[in-house]
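What follows is a short report on a single structure.
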Amino acid sequence: MVSRGMVILGRCRFWLLDINYEVKDHEPQVWIWGVDDEGRRVLIIDSSLEPYFYALLDENAYPEEVCTRIMNERAKLPLLLRAIPEQKRLFGEPVKAVKIYCQDPDVISKYARVISKLEGVRECLETDIRYSMRYLIDYDVTPSAWHEVEVEEGGDLNVQVDKVYIARSPPKRIEMNDLPKLRILSFFPVYYASKGSPKPERDPIVIIATAANNGENRIFTASEYEDRDLLRSFIDYVKSLDPDVIVGYQTNQRHWQYLMDRAKTLGLDLIVDRAGTWPHRSVYGHISITGRASIDMFDFADELPELKVKTLENMIDILGVKSLEEQKIIDEIEHSDFWDDKERRGELIEYAAEKANCILKALMEMLIYAVELSRLVGLPLDHIGKAAVGFRIEWYLIREAHRIGELIPERTEKPYMPYAGGMVLKPKPGIHENVCVLDFKSMYPNIMIEKNVSPDTYVPPSMPEPKSGVNVAPEVGHKFRKEPPGFYKRVLTQLISARNEIRSEMKNLDPKSLDYQLLDARQKAVKVITNAAYGYAGWIGARWFRKPVAEATAAWGRSMIMRSIEIAKDLGLEIVYGDTDSLFIKYKPEKVDMLVKRISDELGLEIRPEKIYRRILFTEAKKRYCGLLPNGTLDNVGLEVVRGDWANVAKITQERVLEMILKENSVEGAVEFVRGLINDLRRHKIPFRDLIIWKTLTMPVEKYKVNAPHVEAARILKRMGWNLTAGDQIGYVVIQGSGRLYERVKPYALATYDEIDVEYYVKKQIVPAALRVLSMFGVKEKDLISAPTSIRPKTLTDFFEAGKA
DNA sequence: GCGCCAACAGTACCA
DNA sequence: ACTGGTACTGTTGGCGCG
């Protein structure tokens with residue numbers, strides 16, 4: 001630090017943890033929360049960025065005149081500062097715009113409404129960019145990344161940090177990969193619910209278990225049903241530990257709201273942040289805790305496709321933290337009973353403590369990925385999980401748009417217009433040996449690059465063709481100018497080469513090293529964003545939506561796969577199946593090599609052998625198959641085994657049947673297995689949990705037109721006082737009785753084994769799952785259910801002989 | 001009133 | 001709340017039959 005007169009100057013290197021803004025007397029300040037390179041918690045305040053938005057002008061308007069007209073509104077709009085003409089682009093087209101500065105970011109939308117009515121103004125743009133995001137974009141400041149900033153000592157604010165600084169200039173990004181040593185706290189609350197879902201105005205919090213990454217485990221319990229001290233001690237503990245990251249499961253949609261409502265009921269101040277404010281709801285329904293990153297592990301459930309039923313226990317299992325078998329599981333329905341029972345209360349406490357520990361470990365499994373995604377996309381760490389895929393890519397695009405002088409289109413409502421997508425081939429049913437899967441490498445992104453498909457290169461039919469020429473999409477005829485490189489081409493080229501660089505850097509590293517893990521997380525984040533670009537282009541909610549962009553990309557994809565099939569046939573290769581960007585081919589090494597070469601020469605796209613199946617089984621159905629890999633594992637695609645909406649008993653059945661068929665060549669063995677399993681089930685020897693069928697409520701219960709089983713189960717829970725909303729997953733079982741299926745279901749927690757309609761599970765779960773595979777070998781339902789018949793099921797040999805005849 | 005069947009609703013998968 | 005293509009279960013309601 002250097003002292004110059006009264007002001008103490010210095011530099012601060014920090015890692016950006018959180019950002020918010022404050023407005024006092026219409027003067028905005030950006031507050032950047034970080035951890036510096038010596039482990040101090042810092043707050044850097046910058047008020048240098050003037051809020052602004054744009055007015056887009058009519059083509060024939062005179063910008064200077066419009067500026068005058070705008071500034072004449074100052075009587076009505078006193079916080080207007082300046083209006084300056086600017087040349088910008090919108091969807092690649094040069095446009096006349098006026099940049100309008102105004103003192104307070106919170107009045108922008110109101111001011112824009114007035115200004116958009118002025119003569120010469122077509123509409124206002126960039127009015128919906130939050131001031132803190134504006135700051136990040138304009139100064140190229142990046143969340144979850146290191147920066148250096150010139151600072152002076154800040155005043156004595158009432159905030160919980162080691163240092164407060166005033167920025168003398170915007171922070172500058174520096175390339176440093178490592179994470180600072182973050183203090184992390186996980187918590188797991190348990191509520192006492194007298195009836196149905198706990199209600200904060202009625203039901204106490206009886207336990208909050210916590211786990212911190214310094215090894216500390218704390219458990220806060222109510223004294224019987226009195227939770228004031230519990231909540232107070234929890235608040236005090238958070239303050240004293242002062243974590244940078246605070247993590248839980250379902251904290252955004254549930255727990256923070258409950259804690260807030262409960263604190264209100266008890267007359268307590270729920271201040272657990274660094275600025276003396278309550279948690280508050282922010283963008284995308286996320287709960288913000290100022291100065292800390294509040295992370296909800298539930299928001300990362302979608303990143304794990306093998307996680308079908310999104311319970312905390314399952315996530316902990318999938319992430320490899322603790323297997324389901326090792327975990328204590330107490331259903332929420334039973335929490336109150338456990339608390340009431342002095343004998344079992346300890347068990348409930350132990351359960352909560354275990355969950356808090358596992359949540360912490362689960363976060364550690366995902367943190368570097370979340371950090372890399374946050375840094376790549378430019379959204380703060382605590383927003384990135386909650387932001388849907390479309391918004392992640394959009395924020396990446398917004399940053400790029402700003403760099404190249406593109407105006408950011410407003411988010412508007414557009415009518416839904418479907419278009420044709422990828423091409424799917426009919427599979428050749430049966431078992432095939434030695435099948436090679438060829439995949440186009442990043443097909444859609446590469447098409448967009450090669451054909452310069454982009455919202456800003458689209459040439460509508462009414463527009464004259466540019467001199468540089470156009471690429472014309474097959475079938476649909478959409479035209480895209482060849483030059484200059486479009487927005488998507490630039491972005492995607494950048495992403496793909498970044499990923500290649502990362503991957504080549506990884507080759508020189510030990511896969512166990514932290515550097516490797518960081519790079520791996522980074523390349524995954526880049527891949528996700530790259531692959532989402534096509535879907536984004538066809539999303540009507542996208543700011544840069546242009547239907548022809550997505551439609552043409554898909555059309556080029558279809559023509560390329562069709563041409564590849566022609567070449568393959570020309571080479572005498574047999575195609576067994578294909579979907580969008582893949583071909584399944586009877587493997588002949590030399591000919592496949594030639595195919596790869598010819599496709600890359602002729603189509604300019606790389607296709608490569610992704611894997612070889614020793615054997616692969618197709619039914620009549622598309623998008624469903626099972627392949628045996630050289631290492632002896634099975635690839636199950638689309639079949640009941642991988643579906644979350646079949647009872648586990650059906651999945652076990654099918655998995656074993658597939659193993660018997662593909663590995664052991666034994667139809668008889670498969671049939672015997674199924675028959676045995678049915679017997680076991682009839683004698684109640686299959687675990688109850690394997691009978692639960694899970695389905696997602698996709699809308700509020702009242703909105704359903706038909707009586708579906710899971711909806712009926714949801715209605716039962718609702719009647720008992722449980723809150724259920726769209727997105728909730730309902731686990732139910734089928735019980736004995738008469739009438740429609742939906743009249744014979746119960747939420748699993750309310751049913752006993754004795755009530756179970758075993759025959760439903762036999763006829764509608766086990767048998768269909770088994771026959772999906774076995775019917776092609778002549779096996780019939782009666783072969784699986786009734787006593788053995790005289791008809792011998794066909795063997796594999798029979799099958800092949802029949803096929804050859 | 002019953003069984004059959006096609007249309008539809010609803011869900012989850014693949015790329 | 002990224003896209004379209006697809007399979008599949010269960011409900012609904014119309015139809016023929018008697």
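Because the structure is predicted, anything quoted here is derived from the model rather than measured. By convention in this document, chain letters (A, B, ...) are assigned in the order of the sequence lines, proteins followed by strands, and residues within each chain are numbered from 1. Note: hydrogens, waters and symmetry copies are ignored here, and every other heavy atom, side chains too, is used.
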(request) Give a yes/no answer on whether the side chain of A/His710 brings an N or O atom under 4.0 Å of OP1 or OP2 in B/dT11. (result) yes

(request) May I ask you to decide if A/Tyr419's main-chain N or O and A/Glu551's side chain share a donor-acceptor pair within less than 3.5 Å? (result) no

(request) Could you tell me whether A/Arg715 and A/Glu712 make a salt bridge, using a distance below 4.0 angstrom between a side-chain N and a carboxylate O? (result) yes

(request) Could you please name the option among C/dT9, B/dC14, C/dT12 that lies closest to any side-chain atom of A/Arg740? (result) C/dT12

(request) Measure from the side-chain heavy atoms of A/Met699 and tell me the nearest of B/dG10, C/dG10, C/dT9. (result) B/dG10

(message) For a quick test of reading the model: is some side-chain N or O of A/Tyr416 closer than 4.0 Å to OP1 or OP2 of C/dG4?
(response) yes

(message) Between A/Glu450 and A/Lys489 (salt bridge meaning N to carboxylate O under 4.0 Å), is one present in this structure?
(response) no

(request) Using a heavy-atom cut-off of under 4.0 Å over every strand shown, decide if A/Ala388 touches base, sugar-phosphate, or nothing. (result) sugar-phosphate

(request) Consider the side chain of A/Pro709, meaning its heavy atoms from C-beta on, and name the nucleotide among C/dT12, C/dG10, B/dC14 that approaches it most closely. (result) C/dG10

(message) What's A/Phe618 touching, base or sugar-phosphate or nothing? Going by heavy atoms closer than 4.0 Å.
(response) nothing

(message) Please pick, from B/dT11, C/dT6, C/dT3, the nucleotide with the shortest atom-to-atom distance to any side-chain atom of A/Tyr704.
(response) B/dT11

(message) Checking contacts here: which listed nucleotide (B/dC14, B/dA9, C/dA7) is nearest the side-chain heavy atoms of A/Val706?
(response) B/dA9

(message) Looking only at the side chain of A/Lys695 (C-beta and beyond, no hydrogens), which of the listed nucleotides C/dG4, C/dT9, B/dT11 gets closest?
(response) B/dT11

(request) Verify, without hydrogens or angle tests, whether A/His286 (side chain) and A/Arg281 (backbone) share a donor-acceptor contact under 3.5 angstrom. (result) no

(request) Select base, sugar-phosphate, or nothing to describe what A/Tyr284 touches, counting heavy atoms under 4.0 Å on all strands. (result) nothing

(request) Look at the side chain of A/Ala621 and decide which nucleotide, out of C/dA7, C/dG10, C/dT3, has an atom nearest to it. (result) C/dA7

(request) Please tell me which of the listed nucleotides, B/dC13, C/dT9, C/dG10, lies nearest to the side chain of A/Arg643? (result) B/dC13

(request) Specify the separation, in whole Å, of atom CD of A/Glu712 and atom P of C/dT11. (result) 10 Å

(request) Convert the base pairs of DNA chain C into dot-bracket notation, remembering that pairs crossing earlier ones are written with [ ] and that bases paired across to another strand are shown as |; include only Watson-Crick or G-U pairs under 3.5 Å. (result) ..|||||||||||||||.

(message) If you define the side chain from C-beta out and look only at heavy atoms, does anything of A/Leu379 sit under 4.5 Å from A/Phe391?
(response) no

(request) Compare the minimum distances between each of B/dT11, B/dG10, C/dT11 and the side chain of A/Asn707, then state the nucleotide with the smallest one. (result) C/dT11

(message) Nearest heavy atom decides the nucleotide; on that basis, is A/Gly541 or A/Gly422 closer to the 5' end of DNA chain C?
(response) A/Gly541

(request) Check whether any side-chain N or O of A/Arg558 sits under 4.0 Å from OP1 or OP2 of C/dG4, and answer yes or no. (result) no

(message) Check this for me, if you would: do A/Asp128 and A/Arg411 make a salt bridge, where the nitrogen-to-carboxylate-oxygen distance has to be below 4.0 angstrom?
(response) no

(request) Check every atom of C/dG5, C/dT12, C/dT9 against the side chain of A/Lys623 and return the nucleotide holding the closest atom. (result) C/dG5

(request) Look at A/Thr696 and B/dA12 and indicate whether a side-chain polar atom (N or O) is within less than 4.0 Å of OP1 or OP2. (result) yes

(message) Counting C-beta onward and ignoring hydrogens, is there a side-chain heavy-atom pair between A/Gln257 and A/Thr251 closer than 4.5 Å?
(response) no

